[in-house]
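Encoded as structure tokens, the structure appears first; notes follow it.
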Amino acid sequence: GLTLTFTNGATSDGKNAVIKLTGTPTTNINVNVPDGIEKTYIVDNQIVHGTNTVTFKTTSGTGVKLAQGNKYTLYSDGTNINLAQMQQIWRAVTTTATVQPGSAILADTSGGAWTLSLPASPVAGDIVSIVDSKYTFDTNNLTVGQNGSNITNNNGNLIASTEGAAFTLIYSGDATVGWTYREK
């Protein structure tokens, strides 16, 4: 993980107004703000996640999981990091991946069918947006993997097979319903 520092009278990364995260980690990453700090952060998450998570948090808090490519306004209340605003940045994905809450995916199945797994351990209000960017879901289905949570009241994966499909899933907070469509 990375712990932001706050040094009185000296330049330190914890004092930055904008933090750009980069790299390609091989494990889950926690960006830690010391407990007791009250501050607002603008975070540009350019970390290539792979199957790993990136969480911006206080040392003892649970924090906010960040989606690859998104930009955030976060604030620390001294106990935890809270989400004030998220800017979804659409990114192209062409192969099996696991996404984080807030992901906006231009899914390209023109090279063959693959699986996009939803975030593990979602909380009420988490969203994932998906668009058939090449209009090929009808010939090469996209499987939306449940990753441990129901999707639309079913204990199984969602198969997107409609050419040009575009939808946003939102986690309902109810384990039986699980992920549901934002627009119906």
Side-chain angles (χ1 to χ4, degrees), residues 25-31 43 45 47-58 60-72 74 80-184:
T26 57
T27 61
N28 293 338
I29 297 293
N30 288 329
V31 179
V43 179
N45 181 28
I47 290 178
V48 178
H49 289 220
T51 58
N52 303 302
T53 61
V54 176
T55 305
F56 203 94
K57 62 189 268 326
T58 58
S60 63
T62 56
V64 175
K65 286 186 180 175
L66 306 180
Q68 182 176 324
N70 284 2
K71 296 177 182 175
Y72 297 86
L74 305 171
N80 204 1
I81 296 294
N82 300 282
L83 175 64
Q85 185 175 20
M86 174 183 64
Q87 179 185 8
Q88 281 185 299
I89 305 296
W90 290 90
R91 66 183 176 99
V93 179
T94 60
T95 189
T96 297
T98 299
V99 296
Q100 296 308 313
S103 293
I105 304 300
L106 298 168
D108 176 356
T109 62
S110 63
W114 50 273
T115 299
L116 182 75
S117 293
L118 293 170
S121 305
V123 298
D126 283 352
I127 62 170
V128 173
S129 300
I130 302 167
V131 171
D132 178 6
S133 67
K134 299 291 184 171
Y135 282 70
T136 54
F137 284 4
D138 57 332
T139 54
N140 295 314
N141 300 162
L142 176 71
T143 298
V144 179
Q146 70 182 84
N147 204 4
S149 298
N150 283 356
I151 302 174
T152 63
N153 228 25
N154 292 298
N155 183 15
N157 296 331
L158 172 70
I159 306 299
S161 60
T162 302
E163 180 181 357
F167 54 94
T168 296
L169 295 172
I170 184 167
Y171 190 72
S172 68
D174 178 287
T176 303
V177 173
W179 294 90
T180 189
Y181 292 103
R182 185 177 193 178
E183 302 87 11
K184 294 183 182 182

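From a predicted model like this one, the values you see are computed outputs, not experimental measurements.
The backbone N or O of V48 lies less than 3.5 Å from no partner atom in the side chain of Q68, so there is not a single donor-acceptor pair. Remark: side-chain polar atoms of N80 are paired, donor with acceptor, to backbone N or O of G63 under 3.5 angstrom. Between the side chain of N157 and the backbone N or O of Q146 there is at least one donor-acceptor pair closer than 3.5 Å.
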Show me the donor-acceptor pairs, under 3.5 Å and distance only, between side chains in residues 111-127 and residues at least two apart or in other chains.
from, atom 1, to, atom 2, distance (Å)
W114, NE1, T94, O, 3.4
W114, NE1, D108, O, 2.9
D126, OD2, V123, N, 2.9

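Across every non-hydrogen atom of V64 and N82, the tightest pair is CG2-C, 4.1 Å. Pairing each heavy atom of I130 with each of A107, the nearest pair is CG2-CB, 4.2 Å. For the residue pair F137 and T162, the shortest heavy atom distance occurs at CB-O, 3.5 Å. Nearest heavy atom pair, residue V99 against residue R91, reads CG1-NH2, 3.9 Å. Summarising the geometry of I89 relative to K71, their closest heavy-atom pair is CG1-N, 4.4 Å, with the distance given to 0.1 Å.
Between L169 and Y181 the shortest side-chain heavy-atom distance falls below 4.5 Å.
Remark: D132 CG to S161 OG distance equals 10.5 Å, nearest 0.5 Å.
Crowding of Y135 atom OH: a count of heavy atoms from other residues, nucleotides or ligands under 6.0 Å not exceeding 12.
Judged as a side chain to side chain contact (heavy atoms under 4.5 Å, CB included), and not counting sequence neighbours, the contacts of V131 are W90, L106, A166. Taking the side chain to side chain contact (heavy atoms under 4.5 Å, CB included) definition, one finds that T176 meets it with N153, D174, sequence neighbours left out.
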